[in-house]
Amino acid sequence: MEGNIDSNAVAEIFERIALLLEIKGEDRFKINAYRRVAESLRNETRDIYALYKEGRLKEIPGVGKAIEQKICELLESGKLEFYEKLTEEVPDKLLSLYEIPEMGPKRIKTVREMLGIETPEELERAAREGKLKDLPGFGPKVERKILEGIKAFKEKRLSSRFPLGEAWKYLQVILDHMKNCEGIIAICPAGSLRRMKETVGDLDILVAAEAEASEKITNTFTNLGIMDEVILSGPTKTSVRLKGGLQADLRIVEPARWGTALQYFTGSQQHNILLREAALKKNLSLSEYALTDTISGVEILCPKEEDVYGRLGMSWIPPELREGTAEIKLALEKKLPKLIETEDIKGDLQIHSNWSDGKRPLKEMVEKACELGRSYILITDHSQGLGVAKGLTPDRLTQQWREIDELNEMLADKIVILKGTEVEVKADGSLDYDYELLKSFDVVVAAVHSNLRQDRDQLTERYIRAISHPLVHILAHPTGRLFGSREEAEADWEEIFQTAASTGTLLEINAHPSRLDLSEKRIRQAFNLGCKFVISTDAHDIYEQEYMFFGVAQARRAWLTVEDVANAQSLDAFLGLIKKRSGVHHER
DNA sequence: GCCGTTTTCGGCCCGACTGTTTTCAGTCG
């Protein structure tokens, strides 16, 4: 059973401790230790209770004796005396002051000690009355910036992140706009977009160019059609706000320093910190400009990113793994897994046509799949009960199968079209087609679309019943989340994944950018419980079949390899996986 | 407070930018 404190909740406590210790003026290395553990815990996908019970908490990077004890205390009692003592000294309501731009630990400490300010409201009043500008470390400009910051804070304009798919569309517009600009030797996204994080804070774009070309490139960038305002612009760095609110940063570097610059701007911050620490152990100091020998002071330029990692004795680390977890250690040992790639995907296992709610005829969807080099696809139009999606009755299914047969004949040397369904899981966990009909599909994909707000136990039971059905091969977009409009359904995912593992039901990683479901954390959790996966586009239009790479990226972020993904196998191997499972269950 | 292919003690990423400064502190990524 999952407890009520998960690793995210523990991370939150340690993050708060770090921030409070900063205000208190504690040793900055101790503060970093807490911050690092918080970051590790946010990335931790193993069940923290299990680690605790097995005495393996120290496996979490950054957890030593003292922090291990604190985690134990939290898990046992739900409280932490150290934290409570700390907040007597430094009240935690001060933390909201960190939300205001320009307010860091030193200034928070100052306003508290000199003016007794503890909240944004009190800070705003003092700023309006002009009381801040005379404090040490403040001044008229800081005071004005703080007032502007509070305004943005109140209007909730700060720090909103964009779904990866949206940020990616903006990126395409920018790349398209820049592609004919003279002087660009290389251009590449960096930051969390390059790491394919499911949400993106801002768009970092790196350009390699000689210094003379900088002005022209900058001008091209700031003349973007989708640009709202230029925030700042210099010879090497330009920041703009795009219409819609996303910030985009352009950075121009000389080609000889491309490797270190791309490495630095890709991050994550935690990854960079650990990488730079590892560099220092080899007497090399790493910055975005170069590796510098700390003894001789000689600069080593790295034109390629591979050079940076290579010089540090590591294999190149895929951006999706650069979160400061275990990747640097494994790269040093040259033991990084070979991650799955989009080119490894042999078949797409969720495709809709205008037989149900897809926008295009079956034939066009199949032709696109051929063009993308798929060797098999599964047509998964909706089942009859999903009226809003023109779900198929048995009669219409028969007609559809006739068309599939014809297409299979016509395209026999190119692709195999499998007959499938995205069958509705009803509120009680039963399926929307009867057993006999289900048996006639090549592959059955089950999905929950309605009543996602059932109570937790009911919903869990419903999923388990569906997964345990002997004819269900794949569970589509398992948690039902939709970016910006629907959170993951509340259910006991650990139990559900355990059932999927024991029944051999494959879990879908839905590549559609509005879903990305399972999330990377859930993939990892399911993987640890022994599940296998498929990655499907859930395409409802031709072009959406190209979005496979979004799903593959999430799989990569969860460290999956070809072996973990059923549709990265040949058709025979894939069907073997499915048959084996059905066989086992038919014997019951 | 953590950590160890030079260390169980003595280290702990690096730089840009801004504004308040008289040589640098604070914030940010």
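Because the structure is a prediction, the values reported are computed rather than measured. Every chain is numbered from 1, with letters handed out A, B, ... down the list of sequences.
Toward the 5′ end of DNA chain B lies the nearest nucleotide of A:Lys282, the other residue of the pair A:Lys282 and A:Ile273 mapping further downstream. For the pair A:Leu280 and A:Ala66, both in contact range of DNA chain B, the more 5′-proximal nearest nucleotide belongs to A:Ala66.
Inter-residue side-chain proximity for A:Ile184 and A:Met178 is flagged as met; some heavy-atom pair is nearer than 4.5 Å. Counting heavy atoms from C-beta on, the side chains of A:Arg107 and A:Phe138 come closer than 4.5 Å. Counting only heavy atoms from C-beta outward, the side chains of A:Ile60 and A:Val37 never approach each other to under 4.5 Å.
The A:Ser287 side chain lies nearest to B:dG15 when the options are B:dC2, B:dG15, B:dC13. Listed nucleotides: B:dG29, B:dC12, B:dG19. Nearest to the side chain of A:Gln269: B:dG29. Nearest nucleotide to the A:Asn283 side chain, out of B:dC14, B:dT6, B:dG1: B:dT6. Nearest nucleotide to the side chain of A:Lys145, out of B:dG19, B:dC13, B:dC28: B:dG19.
Taking the P atom of each, B:dT22 and B:dG15 are spaced 26 Å apart, rounded to whole Å. On the P atoms, B:dG4 is 14 Å away from B:dC13, given to the nearest whole Å. Rounded to a whole angstrom, the distance from the C1' atom of B:dT27 to that of B:dT20 is 13 Å. For the C1' atom pair drawn from B:dG26 and B:dT21, the interatomic distance equals 12 Å after rounding to whole Å. Using P as the reference atom, B:dC2 and B:dT6 are 23 Å apart when rounded to the nearest Å. With both ends at atom P, the span from B:dT18 to B:dT23 equals 23 Å, rounded to whole Å.
The distance from atom CD of A:Glu148 to atom C1' of B:dT18 is 14 Å, rounded to the nearest whole Å. What separates OH of A:Tyr264 from C1' of B:dG29 is a distance of 5 Å, to the nearest Å. Distance A:Met314 CE to B:dT5 C1': 13 Å, rounded to the nearest Å. Taking atom CD of A:Glu288 as the reference point, atom P of B:dC28 lies 18 Å away to the nearest angstrom. B:dA16 atom C1' lies 15 Å from atom CZ of A:Arg257, rounded to whole Å. Atom CG in A:Leu284 sits roughly 17 Å away from atom P in B:dT5 (whole-Å rounding). A:Glu26 places its CD atom 18 Å from the P atom of B:dC12, with the value rounded to the nearest Å. A straight line from NZ of A:Lys65 to P of B:dC3 spans 14 Å, rounded to a whole angstrom.
Near DNA chain B, meaning a heavy atom under 4.0 Å away, the residues from residues 102-118 of chain A are A:Glu102, A:Met103, A:Gly104, A:Pro105, A:Lys106, A:Arg107. Contacts between residues 196-213 of chain A and DNA chain B, defined by a heavy-atom separation under 4.0 Å, are absent. Listed by residue number, A:Ala33, A:Tyr34 are the residues of residues 31-41 of chain A with a heavy-atom contact under 4.0 Å to DNA chain B.
Within the 4.0 Å cut-off from OP1 or OP2 of B:dA16, at least one side-chain nitrogen or oxygen of A:Tyr289 is found. Within the 4.0 Å cut-off from OP1 or OP2 of B:dT7, not a single side-chain nitrogen or oxygen of A:Lys281 is found. Under 4.0 angstrom from either OP1 or OP2 of B:dC13 there lies no side-chain N or O belonging to A:Ser285.
Heavy atoms of A:Lys133 sit nowhere under 4.0 angstrom from any nucleic acid atom. Among the atoms of the strands shown, only primed sugar atoms or phosphate atoms (P, OP1, OP2) are found under 4.0 Å from some heavy atom of A:Leu286.
Under the 3.5 Å distance criterion, with hydrogens and angles disregarded, no donor-acceptor pair is assigned to the side chains of A:Thr87 and A:Asp92. Checking A:Gln270 against A:Asn272 by side-chain atom types alone, no donor-acceptor pair falls below 3.5 Å. Judged purely by distance below 3.5 Å, without hydrogens or angles, the side chains of A:Ser239 and A:Asp249 pair a donor atom with an acceptor atom. No hydrogens or angles considered: nothing links the side chains of A:His271 and A:Glu323 as a donor-acceptor pair under 3.5 Å. Using modelled atom types and a 3.5 Å distance limit, the side chains of A:Asp47 and A:Tyr52 yield no donor-acceptor pair. Between the side chains of A:Asp564 and A:Thr561, at least one donor N or O sits under 3.5 Å from an acceptor N or O.
Partner assigned to B:dT8 is none, using Watson-Crick or G-U wobble distances below 3.5 angstrom.
For A:Arg35, the salt bridge (charged side-chain N to carboxylate O under 4.0 Å, His left out) test picks out A:Glu15, A:Glu22, with sequence neighbours left out. Scanning for salt bridge (charged side-chain N to carboxylate O under 4.0 Å, His left out) contacts around A:Lys281 gives an empty result, with sequence neighbours left out. With sequence neighbours left out, A:Glu212 forms a salt bridge (charged side-chain N to carboxylate O under 4.0 Å, His left out) with no residue at all.
Few gaps surround CD on A:Glu59; more than 12 heavy atoms of other groups in view lie less than 6.0 Å from it.
Among the candidates A:Glu99, A:Glu121, A:Glu118, the single residue satisfying the salt bridge (charged side-chain N to carboxylate O under 4.0 Å, His left out) test with A:Lys93 is A:Glu118.
An anti orientation is assigned to B:dT20, its glycosidic angle lying beyond 90° of 0.
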